[in-house]
> 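Please find one structure pasted underneath; my questions will follow.
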Amino acid sequence: MQIKTIVAAILALTVFAAGAFTARWILGEKHARELAEVRLAGLSAQLSFAGHATEQAAKTIQIERDLALSKKKVEDQHAKEKQRADMLLAENRHLVADLGGMRDPGARDVCSNGVSEDTAAADGSHGTIAGARFSNSASQFLLDFAHSADTVKRQLKSCQAWILELEQKIGFSDRAVSDDHGGSGG
């Protein structure tokens with residue numbers, strides 16, 4: 001009987017060991033499968049992020065290209081307007097030289113030469129001096145000052161054109177900037 005008991009015990013241990021091994025193998029497979037699924041989900045998320053990042057990079061590159069073209073367009077327009085203003089200044093200087101200087105249409109005769117105000121008003125002269133002329137330095141100053149004003153206007157126009165391009169291309173606006181910095185907005 002002892003042999004039967006020993007054989008039964010060995011058989012029970014074998015069945016128990018086989019069951020434990022099988023259970024461990026099955027649980028290990030399940031765990032391995034879950035681990036593979038988690039890894040696959042992680043790789044899928046990485047691929048999705050990489051795809052999104054690539055898409056955003058492509059959009060950014062396109063915006064940069066569009067802005068470079070816009071910048072060139074604004075700079076070219078600015079250069080054309082500068083060339084026109086320089087030509088206008090040169091033409092005005094030639095006109096001033098040809099006409100013998102700039103004249104002051106608002107010059108008034110200090111002494112009315114005995115002509116009463118009523119008589120001066122009747123003939124339309126209102127006391128103006130027909131030959132009142134600016135000095136050469138005053139004429140040059142006025143031409144240069146007008147040219148400087150034109151330059152400032154041209155620069156402002158270029159800045160406004162660039163801001164409009166930014167608003168159209170990337171949605172930039174002065175309201176967004178002032179809102180970010182606590183300003184009152186445009």
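The first residue of the sequence shown is numbered 1, and numbering continues consecutively from there.
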> Can you see whether N92 engages H147 through a side-chain donor-acceptor pair at a distance of less than 3.5 angstrom?
no

> Remaining members of F134's ILVMFWY cluster at a side-chain heavy-atom cut-off under 4.5 Å?
L89, V96, M102, F141, L142, L143, F145

> Do you reckon W162 sits in the same ILVMFWY cluster as I63, going by side-chain contacts under 4.5 Å, direct or chained?
yes

> Supply the atom-to-atom distance K153 NZ to S158 OG, rounded to the nearest 0.5 angstrom.
12.0 Å

> Got a second to check how far D144's CG is from S139's OG, nearest 0.5 Å?
10.5 Å

> With the side chain counted from C-beta on, respond yes when K157 and H78 share a heavy-atom pair under 4.5 Å apart, and no when they do not.
no

> With a sphere of 6.0 Å drawn around CD of Q56, does it hold more than 12 non-hydrogen atoms of other residues, nucleotides or ligands?
yes

> State the NZ-CZ distance between K80 and R154, to the nearest 0.5 angstrom.
14.5 Å

> Working to the nearest 0.5 angstrom, can you tell me the gap between T151 OG1 and L156 CG?
12.5 Å

> Enter the distance from Q77:CD to E81:CD here, rounded to the nearest 0.5 Å.
4.5 Å

> Please tabulate, one pair per line, all N/O donor-acceptor pairs under 3.5 Å involving side-chain atoms of residues 68-75, not counting sequence neighbours.
unit_1 : atom_1 : unit_2 : atom_2 : d
S70    : OG     : D66    : O      : 3.0
S70    : OG     : E165   : OE1    : 2.7
K72    : NZ     : D76    : OD2    : 3.3
K73    : NZ     : E165   : OE2    : 3.2

